[in-house]
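To keep things clear, I will list the structure first and then write my remarks on it.
All residue numbers in this chain count up from 1 along the given sequence.
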Amino acid sequence: MELNVLDHRLKIVSLNKALLPRYSHALTKLLLKINRCQFFSFTETCDDFTVVIDLNGYDELSSLDDGQTIWIPLEVSVGIHSSLNDIQGITKIAKSLIVPLADCGVSVYCLSTYQTDFVLVKEKELDKVVQCMSSRFKILKDVDGESVPVLIEDNYNINNSIQTTAAVNKSFVKPRPITHQLSTLKNKFYVSSIDPDSLDRITKGLIENMFYSDSFQKDLPEGFEKFFSFSLINNEVTIVMDELSAERFPEDSVFLNEEKWRMIKIRDSEQGLGFEECGIVAQISDPLSGAKISEYYISTYYSDHTLVLEENLEEALKLLEKQKQ
């Protein structure tokens with residue numbers, strides 16, 4: 001398998017809901033591709049808006065200060081003949097990438113889309129990632145639009161005291177208990193992809209879902225929560241939405257397949273999970289991958305979210321319950 005270090009430098013922003021009107025114009029320009037932004041993701045939860053954006057797009061969000069952290073997206077190519085191609089989402093890469101990074105002490109931010117799964121790591125930890133994964137993957141990086149091999153000694157200052165390469169070659173049998181609370185939402189979700197050239201057909205529905213969801217999702221029944229995620233990455237569009245959000249789009253404008261997904265939410269404090277703790281994704285994805293349960297995973301500042309097919313929900317919950325600390 002190949003591990004691609006993509007040519008994007010990203011910011012992750014947690015946007016207070018009260019501040020949304022200040023940035024709605026800039027965000028609308030981003031979703032309509034009226035700039036040079038190539039990596040843009042917008043997710044609304046009941047807590048906040050989390051925006052993942054490259055530096056070109058970040059310039060549109062003037063006066064927004066999120067600190068100095070830069071994130072680099074990784075992408076795994078499993079090959080067209082891989083047996084993993086029958087599985088959807090992050091399950092394909094849990095054992096090969098997510099778990100080893102956790103065992104190497106690397107915190108990750110995960111963003112599943114319809115087409116691929118992006119694993120974001122801090123730029124300052126990229127050296128460690130390359131060393132950690134060099135025995136498992138052929139590692140490539142984008143240079144002027146071409147993929148070239150990454151050598152450990154090539155532009156990477158490796159600290160020889162970090163024994164990560166040896167660590168990832170071992171078979172880890174240590175327990176990986178789930179340390180955060182889990183809750184199951186009653187919403188049923190679609191994971192949909194659309195042609196980016198069709199964005200003009202769904203602009204009204206996008207704006208309603210992104211900026212005016214209170215108008216139709218203010219008083220949700222018990223057990224339901226707001227969640228809407230839109231990603232425009234390298235000219236590919238993914239929308240993760242529940243049935244109520246799907247009603248805001250014109251009929252036949254968004255492909256809604258018969259698969260329904262249920263969401264398991266990971267969170268247990270008012271302060272949120274943040275981006276510093278490592279191992280959260282591995283705690284969830286490792287047991288699900290072991291059972292070959294397809295899983296999409298979307299991180300946000302306050303909480304993480306894993307989606308499994310409705311028919312797999314009961315099995316997934318039993319597996320995760322066994323892993324609780």
Side-chain angles (χ1 to χ4, degrees), residues 6-73 109-115 118 120 122-123 192-218 226-242 245-246 248-250 253-254 272 274-275 298-303 305:
L6 301 184
D7 189 22
H8 297 293
R9 301 180 74 229
L10 308 175
K11 291 274 194 174
I12 304 176
V13 179
S14 173
L15 189 61
N16 188 293
K17 291 200 169 188
L19 297 178
L20 183 63
R22 182 186 304 177
Y23 298 104
S24 58
H25 177 68
L27 291 169
T28 301
K29 289 173 64 179
L30 290 167
L31 71 89
L32 295 179
K33 303 189 296 182
I34 310 176
N35 50 45
R36 295 180 295 124
C37 181
Q38 294 296 310
F39 199 114
F40 171 60
S41 175
F42 174 99
T43 301
E44 179 184 12
T45 69
C46 59
D47 300 301
D48 76 334
F49 302 101
T50 297
V51 178
V52 183
I53 192 167
D54 66 23
L55 297 187
N56 288 324
Y58 183 77
D59 290 341
E60 295 284 345
L61 303 176
S62 58
S63 76
L64 189 62
D65 182 16
D66 72 310
Q68 301 300 315
T69 303
I70 299 291
W71 297 77
I72 305 296
Y109 181 103
C110 287
L111 178 61
S112 293
T113 69
Y114 188 88
Q115 296 86 359
F118 298 98
L120 280 58
K122 296 172 183 175
E123 187 176 49
S192 303
S193 176
I194 68 168
D195 183 343
D197 293 331
S198 301
L199 278 174
D200 58 337
R201 292 187 58 203
I202 65 169
T203 299
K204 181 175 180 291
L206 279 175
I207 290 175
E208 287 180 354
N209 276 297
M210 291 173 64
F211 307 138
Y212 300 102
S213 61
D214 279 348
S215 65
F216 61 93
Q217 288 193 345
K218 191 170 185 178
K226 287 183 182 181
F227 187 93
F228 180 85
S229 185
F230 169 87
S231 297
L232 175 56
I233 301 173
N234 295 335
N235 214 34
E236 295 181 342
V237 178
T238 296
I239 302 175
V240 179
M241 57 186 166
D242 65 10
S245 296
R248 314 311 294 182
F249 295 102
S253 63
V254 177
F275 303 136
I298 300 177
S299 301
T300 64
Y301 180 81
Y302 280 93
S303 53
H305 312 82

Flag the pair [X] / [Y] as yes when at least one side-chain heavy-atom distance between them is below 4.5 Å, and no otherwise.
| X | Y | value |
| --- | --- | --- |
| F228 | T43 | no |
| I202 | I194 | yes |
| C37 | I53 | yes |
| T300 | E44 | no |
| T50 | F42 | no |
| L19 | F49 | no |
| S303 | D47 | yes |
| D242 | F227 | no |

Distance from [X] atom [atom1] to [Y] atom [atom2], nearest 0.5 Å?
| X | Y | atom1 | atom2 | result |
| --- | --- | --- | --- | --- |
| Q115 | S112 | CD | OG | 11.5 Å |
| L20 | D214 | CG | CG | 10.0 Å |
| I72 | L120 | CD1 | CG | 8.5 Å |
| I239 | M210 | CD1 | CE | 9.5 Å |
| T28 | E60 | OG1 | CD | 11.0 Å |
| N209 | K226 | CG | NZ | 10.5 Å |

Is there a side-chain contact (heavy atoms from CB on, under 4.5 Å) between L27 and F40 once you walk through the steps?
-> CA-CA 9 Å; L27 291 169; F40 171 60; 4.0 Å; yes

Given D48 and N16, is the side-chain contact (heavy atoms from CB on, under 4.5 Å) satisfied, shown in steps?
-> CA-CA 5 Å; D48 76 334; N16 188 293; over 6 Å; no

Does [X] reach the main-chain N or O of [Y] with its side chain, forming a donor-acceptor pair under 3.5 Å?
| X | Y | result |
| --- | --- | --- |
| S299 | C110 | yes |
| S198 | R201 | no |
| S231 | I233 | no |
| S245 | M241 | no |
| H8 | D54 | no |

Centres of the F118 and F39 rings: under 6.0 Å?
->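 Yes, the ring of F118 comes within the 6.0 Å limit of the ring of F39, centre to centre.
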
Take L31 and L232, measure what side-chain contact (heavy atoms from CB on, under 4.5 Å) needs, and give me the verdict at the end.
-> CA-CA 7 Å; L31 71 89; L232 175 56; 5.8 Å; no

Taking all heavy atoms of [X] and all of [Y], pick out the closest pair and write down the distance.
| X | Y | value |
| --- | --- | --- |
| I70 | K11 | CD1-CE, 3.9 Å |
| L61 | A26 | CD2-CB, 3.8 Å |
| F249 | G205 | CE2-C, 3.6 Å |

CA sep, side-chain torsions, deciding dist, call: F216, R248, side-chain contact (heavy atoms from CB on, under 4.5 Å) = CA-CA 9 Å; F216 61 93; R248 314 311 294 182; 3.6 Å; yes

Around atom [atom1] of [X], are there more than 12 heavy atoms of other residues, nucleotides or ligands at under 6.0 Å?
| X | atom1 | result |
| --- | --- | --- |
| Y301 | OH | no |
| K204 | NZ | no |
| Y212 | OH | no |

Answer yes if the side chains of S193 and E236 hold a donor-acceptor pair under 3.5 Å, and no otherwise.
->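 Their side chains do not contain a donor-acceptor pair, so the 3.5 Å distance test is not met.
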
Residues in ring pair (Phe, Tyr, Trp, His ring centres under 6.0 Å) contact with Y114, at least two apart in sequence or another chain =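 Expected list: none.
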
Do S213 and E208 pass the side-chain hydrogen bond (donor to acceptor under 3.5 Å, both in side chains) test, and can you show the C-alpha distance, the side-chain angles, and the key distance before you say yes or no?
-> CA-CA 6 Å; S213 61; E208 287 180 354; over 6 Å; no

